[in-house]
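I have a structure I would like to understand better, so I am pasting it below and will then ask my questions one at a time.
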Amino acid sequence: MSFQPSRRAAEIETFKVMDLLKRAKQLDRDGYDVVHMEAGEPDFSTAPEIAEAAKIAIDDGLTQYTPAAGIPELREAISQWYQTKYGLDIAAERIVVTTGASSALLMIFSLLTDAGQSFMMADPGYPCNRQFLRFLEAKSQLVPVDAEHNFQLNEHLVSDYWQDNTSGVLLASPANPTGSVVDRETMKRIAQEVKSRGGSLVVDELYHGLTYEGEAPSVLEVDPDAFVINSFSKYFGMTGWRLGWLVAPAEAAPELEKLAQNLMISPNTVSQYAALAAFKPSTIELLEQRKEQFRLRRDLLVSGLRELGFSIPVMPEGAFYVYAGATHVTDNTFDYCWSLLEDDHIATTPGLDFGRHRCNEFIRFSYTTGIDRIETALERLSKRIRG
Ligand SMILES: Cc1ncc(COP(=O)(O)O)c(C=O)c1O
């Protein structure tokens, strides 16, 4: 090698699904009809009014840096969103606009975790969290969760796994890869448990808006001191615009702003002006119609997979993923996903990407593709399994 990578960089893991993704794209290019159920992003393009607002911002020359915590109009609009959606008064000063939830997570972990400390989170979970903590010379403290836990932490698990060096707890609700939601009472009890131990609670609410059995509660309804991560990526359909936000207790906001100045200078300017259109009633109406599409897809996929023997004991309540147990067809879902791709041209994500706990038993299917494509995937799976 012409350079010596740092130990820190060398130990950062890649997404296992990346090679599979690359191969899926190659099969596309070679003319195969691949059903894409591996993606973690909506297949719908960004709502027209958001795109239009971006064009206007460019034409108006709004292309320079903004304040590190975001333009005041957007912080105000997000504050108003909490009022409209949750009936919560969240001062705009507590909101920091970020370059996606990704940088919000990095900033919050940087704020709350010293080298050698650990942050508690569910296994399976979103893979980057573990890498962010590794990057900070801190540790991810993975707590195995199963369907009997609704694939989420609870106050008992938090208490059982708490260590002297635990600085906080991260929840994701709805979660990636399981789509599970933490209910209000459980959230409240977790918040109390974390507080009683002097730790911080961070909740990744990135998939809020995409829930199919009623709205997911925000942790801010039960704990005003919690940190919240959110993003324009998923419900608002703006993955490529790289825009998110965090909500912090008032006294933490200046610290986070300081981190934002250094890590990003500012979030993407054009994206911020575009996002102002995300809260327009006409945009929300469109996003709600899309949500209904997701619900239909979820229902079709879950019942089809269950019919084929996949284990989905808990109905995924949100996001756009089904985390299906596949022990009836394999004891190694990593290899199985590869052969699903090569032989049946169905691209999925193996459990191995989301942690260690029973990861060889699960496959994540994303329903970020149309009903007809989900039907095609189910037909191919049926042929494979039933012959
Ligand atoms: C649970 C979770 N958190 C954070 C992210 C990062 O999202 P973004 O940086 O696009 O806002 C993702 C992306 O898939 C995710 O699933």
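Atoms within each ligand, like the ligands themselves, are counted from 1 in listed order. Computed from a predicted model, the values in this text were never measured in an experiment.
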Under the rule for ring-ring contact (aromatic ring centres under 6.0 Å, His included), what residues qualify as partners of His345, not counting sequence neighbours?
Tyr32
Would you check ligand 1 and list the protein residues that come within less than 4.0 Å of it by any heavy atom, ordered by chain and number?
Gly100, Ala101, Ser102, Leu105, Tyr126, Asn176, Asp204, Leu206, Tyr207, Ser231, Ser233, Lys234, Arg242
Ignoring hydrogens and angles, state whether a donor on the side chain of Arg134 or Gln131 is under 3.5 Å from an acceptor on the partner side chain.
no
Identify all side-chain donor-acceptor contacts of residues 347-356 below 3.5 Å with residues at least two apart in sequence or on another chain.
unit_1 : atom_1 : unit_2 : atom_2 : d
Thr349 : OG1    : Glu38  : O      : 3.4
Asp353 : OD1    : Lys16  : N      : 2.6
Asp353 : OD2    : Val17  : N      : 2.8

Modelled atom types, side-chain donor and acceptor of Asp43 and His36, under 3.5 Å
no
For Arg364, give me all partners under salt bridge (charged side-chain N to carboxylate O under 4.0 Å, His left out), at least two apart in sequence or on another chain.
none
Is the Tyr207 to Tyr126 ring centre distance short of 6.0 Å?
no
